[in-house]
Amino acid sequence: MSRLDPAQIESKWQTAWDEAGVFLAKHDPAKPKYYVLEMFPYPSGRIHMGHVRNYTMGDVIARYKLAQGFSVLHPMGWDAFGMPAENAAMERGGHPKTWTYDNIADMRGQMKPLGLSIDWSRQFATCDPEYYGQQQAMFLDFMEKGLVYRKSAVVNWDPVDMTVLANEQVIEGRGWRSGAEVERRELTQWFFRISDFSEELLEAIDGLDSWPEKVKLMQRNWIGKSRGLQFAFSFVEAPEGFDRLEVYTTRPDTLLGASFVAVSADHPLAKYLERHDPKIAEFVAECRRTGTSEEALETAEKIGFDTGLKVRHPFDNDWELPVYIANFILMDYGTGAIFGCPAHDQRDLDFARKYRLDVIDTFVAAEGGTPVGDVAFVPPKTERVKWLKNFAWDEMATGEEAIYAAIADCESKGVGHGVVKYRLRDWGLSRQRYWGCPIPVVHCADCGVVPEKRENLPVLLPDDVSFDKPGNPLDRHSTWRDVACPKCGAPAKRETDTMDTFVDSSWYFARFTAPHAAAPTDPVEAEYWMNVDQYIGGIEHAILHLLYSRFFARAMHICGHLPAKAKEPFDALFTQGMVTHEIYVTRDERDRPVYHLPEDIVWTESGATLGRTGARVEVIPSAKMSKSKKNVIDPENIIRQFGADTARWFILSDSPPERDVEWTSAGAEAAFRHLSRVHRLAAEIAESTAPASAEDPELARAMHKAIHEVTMGIETFGFNKAVAKLYEFSNTLQRSGAGAQAKREAVRAMAQLMSPMVPHLAEEVWAMLGGEGLVTVAPWPKADPAMLVEDTVTLPIQVNGKRRSEITVPKDMATEEVEKLVLEDEAVARALAGAPPKKLIVVPGRIVNVVI
RNA sequence: GCCCGCGUGGUGGAAUGGUAGACACAAGGGACUUAAAAUCCCUGGCCUUCGGGCGUGCCGGUUCAAGUCCGGCCGCGGGCACCA
């Protein structure tokens, strides 16, 4: 009998699938379609276990749908633009393009042995001119429809690398690469008008029934809708050109507690004042020096500057409030100006105490008399509280009622109006980088910003660039940069900014439906294949990527590139957990962690120690895999050692897909043992010469139960449960005394049920048992409902809710008869001790409860 | 600070309000073997006077029946955050 040899069978069946072309997506109007997509990878050069998990899950779905007769689209591509390629070029020399395409070839080579049911004929990389050229065409469409615009914005500028940094790249106020102190600079940049879609993107979340609640919530919070009052203060003495001062508040109910007004350092009023008062100029400059990074914001002291200006309270002309410039006010939220109510907002209170401003308690929060000290009283939104100063609502009202009443009252008095605001900002897409999609416009001294002519697309990235100097090589590339204006022909300059790589990943799913179309999409193909029926990826993309894609799908619809149904492009979303692995840690003399490789660890009775020194090692399970922690498991090694089926089987077992799964070598070995057992069992049964006796109802029942349960497991993303049911079925099969014919049928069913998860072994087993053709395309088995019902049922008997006994009865025995048998039961009789039961509850087919 | 999720054996985890711990890992015992590997079989929540008692983070409630529903605590994890 042959042993399981994964290397041999896996390449054999992969070749068979390729030759049969079973994974090529075919547009077949006669069939229902199914589009499965896993978030495409960045071509770093190595696949990791996270990829294996992601693509295995998608593959289970794709293969299952294929067997169910769907026309399946399961493509793969590469999110290939981005900084790492440029960093590699800077560090090691070479060209980002070479580095990227080499990595793609390497990674494809590493993915192939996994036996994924991918239609590789549709593969593309976002750095292919064919792809980014269409993206440029779409950018021009967006320009025509007013979906993209330019404005000046404050950015983190690294003066050494001469580039804009994302907030995450600013560490303690310094650039992450250069270590140079980051400056705040105003640059003119391109923006997508995503904020125009705030309400639509928010409302449509309600329709995303097959998205995780968690992701929907994160998106709702990110869009951040709030209702409030916007109104204007009039100045006691208005500065030139400033008539009134607009503010926005979500707590108009605290208006009677107002004691100051503050504006952002970027507010027009601040900008006006800094031109006239050197002290204000100095203060404003100070504010602007503070970075925009989280650290900078958290540690920065809240400071303000009294402008000397005064405004009048909207309810009382004699009530004057000072106007401050403060460093903690954001220009791009609300109006860039606020009123401060120290008694009922902690930050306002801190500010008021610091600058000795009034604190007006509109509540006397604790009616007992404690006035507001250093802790503000924030009126609760849903709880009824006693208001001392209320201008439009009951003395006892909730904060929400008060807010609502305050807005209505202010509107009736002509003091402002209720408005809705969103936290969502427009999406800045300009990057001062080489390795990205060029923005296809030209800057002309006379014509301004001129779109590149369509016939000149794609605007290709030049190959002859160098990374020996900081900054964007496109800026220095005169023959690329200096062009004639597409409109007037005068000498002009190309836009040298490239697009954020999130743009590339915001529509790749649509491009897969027609990867070589001469337009961004092909309407016929998009109509057939869209939407993505099942999208699978990491939770880390819960907000940006998914929100941007939802926006892009809408914008593409407006430009005629996607049908209306694709405005929400992902019908179902699944977010999978990480693959973790234990780490081995010791501490150095300064108590910093030092990580060790597994092969350096010696296991002793007292625990883990370090081989050479004998130092005690702390073993921490479930750590995220990372190079620095020395706990990375390389999928290539695992496949070489055990085969792809084992890697797939293990990663699907045990842990629910949405949770983290810990990789353990014991688990991988166990998975391999089980698959070997299945292989051996199948071979035994295939070779068995035992007489083909009559059918075996027990085994048949187990088979139908397995079909039902595994199917349900796959349908509900309960892969761990599907795997458990397959273990159960193979255990039953192994112990079964059924005849050869019944066993063969059961093994064939098992091969089919296993095929989405361990496709190579399934093919092998299927072939051994004389299955027709490829199991991959064999129609998915159906459970016979009649076979799922047992003739007899075992009913547990509870006494006062505690299990005491059980009886086995025919499945449709009358309740009265069951009751009779229950009362005759020994344990029940003992508990009753002669007395009649208070109550007897029979749940047919399930349970009996005797209440005494 | 605001919002959300989760607490079940030594471990990963099962369980439409209906037998808690399926399935697997690790562990212990046994068979086969000169031996090992491989393989196969068995045991297992805790206590017990063998009747039973106690068990799903803690306290209480609803119910014939609660891991599951409700209220309150405790702990862990995640998201957002100078957002007015």
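Per chain, numbering begins at 1; letters A, B, ... match sequence-line order. Nothing here was measured: the structure is a model prediction, and the numbers come from that model.
- Each of B:G18, B:A24, B:C40 was ranked by its minimum atom distance to the side chain of A:N731; first place goes to B:A24.
- Contact between the side-chain N/O atoms of A:R227 and the OP1/OP2 oxygens of B:C83 is not found at any separation under 4.0 Å.
- Classification of B:G9 as syn follows from a glycosidic angle within 90° of 0.
- Comparing atom distances between the A:V843 side chain and each of B:A26, B:U19, B:G18 picks out B:G18 as nearest.
- Listed nucleotides: B:C40, B:C83, B:A20. Nearest to the side chain of A:R425: B:C83.
- An OP1 or OP2 oxygen of B:A15 is reached within less than 4.0 angstrom by a side-chain nitrogen or oxygen of A:K721.
- Regarding contacts with the backbone of B:A81, a side-chain N or O of A:R423 is found under 4.0 angstrom from either OP1 or OP2.
- Across the protein-nucleic acid pair, A:K839 atom NZ and B:U63 atom P stand 10 Å apart, rounded to whole Å.
- The backbone N or O of A:V661 sits nowhere less than 3.5 Å from a side-chain atom of A:S655 that would complete a donor-acceptor pair.
- Proximity note for A:R673 (side chain, C-beta onward) versus B:C25, B:G13, B:U19: the nearest is B:C25.
- When each of B:G53, B:U39, B:C64 is scored by its nearest atom to the side-chain atoms of A:R680, the top-ranked nucleotide is B:U39.
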Item to check | Stepwise ring pair (Phe, Tyr, Trp, His ring centres under 6.0 Å) test for A:W427 and A:F197 | outcome: CA-CA 12 Å; A:W427 168 14; A:F197 294 76; over 10 Å; no
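- Residue A:R677 places none of its side-chain N or O atoms closer than 4.0 Å to OP1 or OP2 of B:U39.
- If you take CD1 on A:I651 and CZ on A:R53, they are separated by 6.5 Å, rounding to the nearest 0.5 Å.
- Using a 30° and 60° split on the angle between ring planes, A:Y324 and A:Y355 fall in the tilted class, from 30° to 60°.
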Below 3.5 Å between N/O atoms, which protein atoms pair up with nucleotides 76-79 of chain B? Just atom names and distances, please.
none

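- Between A:N720 and the phosphate of B:A24, there is no side-chain N or O to OP1/OP2 separation shorter than 4.0 Å.
- Taking the six-membered ring where the residue is Trp, the centroids of A:Y727 and A:F729 are separated by 6.0 Å or more.
- For A:W663 and A:F650, the distance between ring centers is under 6.0 angstrom.
- Across the protein-nucleic acid pair, A:F717 atom CZ and B:A14 atom C1' stand 20 Å apart, rounded to whole Å.
- Between A:K820 and A:E816 no salt bridge is recorded (no basic side-chain N to carboxylate O distance below 4.0 Å).
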Item to check | Which nucleotides of RNA chain B pair, in dot-bracket form (Watson-Crick or G-U under 3.5 Å, | meaning another strand) | outcome: (((((((..(((.....[....))).(((((.......))))).(((....)))..(((((..]....))))))))))))....
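- Atoms NE2 (A:H674) and C1' (B:C25) sit 14 Å apart, rounded to a whole Å.
- A syn base is found at B:G51: its glycosidic angle is within 90° of 0.
- Taking only distance into account, the side chain of A:R804 never meets the base of B:U19 through a donor-acceptor pair shorter than 3.5 Å.
- Counting only distance, with no hydrogens or angles, the side chain of A:N327 and the backbone of A:G304 share no donor-acceptor pair below 3.5 Å.
- A:F339 CZ to A:Y248 OH: the interatomic distance, rounded to the nearest 0.5 Å, is 12.0 Å.
- Contact between the side-chain N/O atoms of A:R220 and the OP1/OP2 oxygens of B:C4 is not found at any separation under 4.0 Å.
- Aromatic ring orientation, A:F315 versus A:H313: perpendicular (interplanar angle above 60°, classes split at 30° and 60°).
- Taking only side-chain nitrogens and oxygens, A:R347 comes nearer than 4.0 Å to OP1 or OP2 of B:C83.
- The listed nucleotides are B:G13, B:C23, B:C41; the one nearest the side chain of A:Y727 is B:C23.
- Look at the C1' atom in both B:G29 and B:G79: the space between them is 49 Å, to the nearest Å.
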